[in-house]
J.: 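The following block contains the structure, expressed as structure tokens.
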Amino acid sequence: MNVASSISPVITADNESLKRDFPLKPFAIRHKLAGHPLLTLSRIAQLASDMPRDLIEYNSGDASVSQDPDKVKSVDLDPVEVVNRIQTAGAWMVLKRVEKSPEYRQLLEDALTSVARARGFKSIEDAGFSQIEGFLFVSSPNSTTPFHMDAEDNFFVQIYGEKIFAVYDNRDGKIADDAQVEHSTVKHRNVPFNESFRPRGIEFNLDAGDGCYIPYQWPHWVKTAGSHSISLAITWKTEEVRRLNDLHRFNSMLRGIGLPQAAPGAKPGLDAAKLAVYRTAAAIIEPLRGSETMRRIIRRIALGKNANYYLKKA
């Protein structure tokens, strides 16, 4: 069994990728988290029973790569049942923000500390890893995670089972334009997939102990093989990523009241003013987010009626 420690390297990569390619493009990694006691089905079921419901999202794994988010099939099980019956449930599940548990927080920090040291830094803070979060995935056999983008950088590690992880280069905006990037950041992560995108893709065939680095907002889809799968996304946000995300959120809110907005970077002076206003308001609202009920209300006000799409009867 591989168990991470804060001393030994948890995440490694060949060919100096952690220095040469990071954080500009994807690359394969290896890790020592397969078999970790916090990442077994029994422990994940316990975590699912303890977590607030709005931090758990699940639906059918019977989805297309280019899935319409309004037509996703549901699974009529509670979260713990999904985990316990994952081999036959036909489901895809993510437990969000697992770093709220101190044990899982330590696991994430150990992994990123090993990366920081491999890159020549003494600590995760020195390496620029802030707002560290963990997303734990449990998927049934032959499940698909549709084409989507994530608003953070990500070391994705495969714990159990096999997955194909396909990631696509969108740096020129030819897969998803500015409007789609904003929508995926604020509204729903899915973006349409077209077969013409294939030449832009890199496919990683992941087994337990494998993984890959996925840069901020690089679109990707994922498929499991013939067994259930356990995976973990170890994510963080740099100051630049936080700036972009905040601008996307504020632009979306302003656009929602009929005020057209330029994409981040088009008007730097205006961006700075927007950030000041948005972050002042966010600082006032943040203390309210300790309540699950208030989180639902805030999401609905800020992001619209479909903001709580992953909650039944939300």
Side-chain angles (χ1 to χ4, degrees), residues 23-24 54-55 57 66-70 72 96-97 128 130-133 135 146-154 167-194 197 200 214-220 233 235-289 294-311 314:
L24 300 178
D54 70 327
L55 295 181
E57 180 181 349
S66 191
Q67 179 65 48
D68 182 342
D70 293 328
V72 175
K96 306 176 183 180
R97 304 295 309 279
S130 65
Q131 201 172 329
I132 296 168
E133 298 173 348
F135 299 82
F147 199 49
H148 69 283
M149 297 188 291
D150 294 319
E152 58 268 323
D153 290 277
N154 173 12
V167 58
Y168 293 76
D169 187 349
N170 185 50
R171 285 175 291 185
D172 60 5
K174 290 186 177 180
I175 290 178
D177 61 17
D178 289 336
Q180 289 173 302
V181 170
E182 179 183 298
H183 188 273
S184 73
T185 303
V186 180
K187 302 293 186 179
H188 195 287
R189 59 187 174 266
N190 286 12
V191 292
F193 181 82
N194 189 292
F197 300 159
R200 293 171 169 265
I214 309 301
Y216 172 74
Q217 292 289 22
W218 278 53
H220 50 278
T235 78
W236 66 96
K237 295 180 178 70
T238 63
E239 180 53 40
E240 174 62 9
V241 164
R242 292 174 61 194
R243 185 185 74 86
L244 289 171
N245 287 347
D246 286 351
L247 286 171
H248 285 311
R249 294 187 185 103
F250 197 40
N251 281 351
S252 179
M253 292 170 65
L254 293 173
R255 191 173 289 106
I257 59 174
L259 300 175
Q261 300 298 310
K267 298 181 179 180
L270 185 55
D271 284 349
K274 288 178 181 178
L275 276 178
V277 173
Y278 178 81
R279 289 180 173 177
T280 298
I284 297 171
I285 294 172
E286 186 59 31
L288 302 175
R289 292 175 56 82
M294 285 304 301
R295 287 198 297 272
R296 296 192 193 195
I297 293 171
I298 291 168
R299 277 195 297 265
R300 186 178 179 89
I301 293 172
L303 307 180
K305 64 179 182 180
N306 294 323
N308 297 297
Y309 62 89
Y310 49 88
L311 288 164

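Just so you know, these numbers use all the heavy atoms, side chains as well, and skip hydrogens, waters and symmetry mates.
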J.: Is any side-chain heavy atom of Leu244 less than 4.5 Å from a side-chain heavy atom of Tyr216?
T.: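 In contact.
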J.: Work out which heavy atom in Leu24 is nearest to a heavy atom in Trp218; give both atom names and the distance.
T.: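 The answer is O-CZ2, 3.5 Å.
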J.: Sequence neighbours left out, what passes salt bridge (charged side-chain N to carboxylate O under 4.0 Å, His left out) with Arg97? Give chain and number order.
T.: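 Per chain and number, Arg97 pairs via salt bridge (charged side-chain N to carboxylate O under 4.0 Å, His left out) with Glu99, Glu133.
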J.: Check the pair Gln261, Leu247 against side chain to side chain contact (heavy atoms under 4.5 Å, CB included), reporting the backbone distance first and the verdict last.
T.: CA-CA 10 Å; Gln261 300 298 310; Leu247 286 171; over 6 Å; no
J.: Kindly give the heavy-atom pair with the smallest separation between Pro192 and Ser66, and that separation in Å.
T.: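 Smallest interatomic distance, heavy atoms only, reads CA-OG, 3.5 Å.
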J.: Identify the two heavy atoms, one from Ala262 and one from Lys274, that lie closest to each other, and give their separation to 0.1 Å.
T.: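 Shortest heavy-atom contact: O-NZ, 4.1 Å.
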J.: With Glu152, which residues qualify under salt bridge (charged side-chain N to carboxylate O under 4.0 Å, His left out), at least two apart?
T.: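 Only Lys237 meet the salt bridge (charged side-chain N to carboxylate O under 4.0 Å, His left out) criterion with Glu152.
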J.: Let me see the working for His188 and Asp70 under side-chain hydrogen bond (donor to acceptor under 3.5 Å, both in side chains), right down to the final yes or no.
T.: CA-CA 10 Å; His188 195 287; Asp70 293 328; over 6 Å; no
J.: Hey, what do you get for CG (Asp172) to CG (Asp177), rounding to the nearest 0.5 Å?
T.: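 The CG atom of Asp172 sits 11.5 Å away from the CG atom of Asp177.
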J.: Can you give me the closest heavy-atom contact between Pro23 and Pro215, atom names plus distance?
T.: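 Closest approach of Pro23 to Pro215: O-CB, 3.8 Å.
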J.: Considering only heavy atoms from C-beta outward, does the side chain of Arg279 approach that of Arg243 to under 4.5 Å?
T.: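 They are in side-chain contact.
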J.: Which heavy atom in Ala176 sits nearest to a heavy atom in Val181, and how many Å separate them?
T.: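 Shortest heavy-atom separation between Ala176 and Val181 comes out as O-CG2, 4.0 Å.
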J.: How close do Pro219 and Asn170 get, heavy atom to heavy atom, and via which atoms?
T.: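 So the two residues come closest at CD-CB, 3.7 Å.
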J.: In a check of side chain to side chain contact (heavy atoms under 4.5 Å, CB included) between Asn190 and each of Gln180, His183, Gln67, which one passes?
T.: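 Result for side chain to side chain contact (heavy atoms under 4.5 Å, CB included) with Asn190: Gln67.
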J.: Any side-chain heavy atom of Pro69 sitting closer than 4.5 Å to one from Lys187?
T.: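 The answer is no; the side chains never approach within 4.5 Å.
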J.: Heavy atoms, side chains only, cut-off 4.5 Å: are Pro264 and His248 in contact?
T.: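 They are in side-chain contact.
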J.: Mind checking whether Val186 and Met253 have side chains closer than 4.5 Å, heavy atoms only?
T.: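 They are not in contact (no side-chain heavy atoms under 4.5 Å apart), so the answer is no.
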J.: Rounded to the nearest 0.5 Å, what's the gap from CZ on Arg171 to CG on Asp169? Could you check?
T.: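 Spacing of CZ (Arg171) from CG (Asp169) equals 4.0 Å.
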J.: Step by step, would you call Asp153 with Val241 a side chain to side chain contact (heavy atoms under 4.5 Å, CB included)?
T.: CA-CA 9 Å; Asp153 290 277; Val241 164; 3.9 Å; yes
J.: Parallel, tilted or perpendicular: which describes the rings of Phe147 and Phe193, with under 30° parallel and over 60° perpendicular?
T.: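 Because their plane-to-plane angle is over 60°, the rings of Phe147 and Phe193 count as perpendicular.
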J.: How would you list, by chain and number, every residue that makes a salt bridge (charged side-chain N to carboxylate O under 4.0 Å, His left out) with Arg255, sequence neighbours excluded?
T.: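 With sequence neighbours excluded, Arg255 shows a salt bridge (charged side-chain N to carboxylate O under 4.0 Å, His left out) to Glu182, given in chain and number order.
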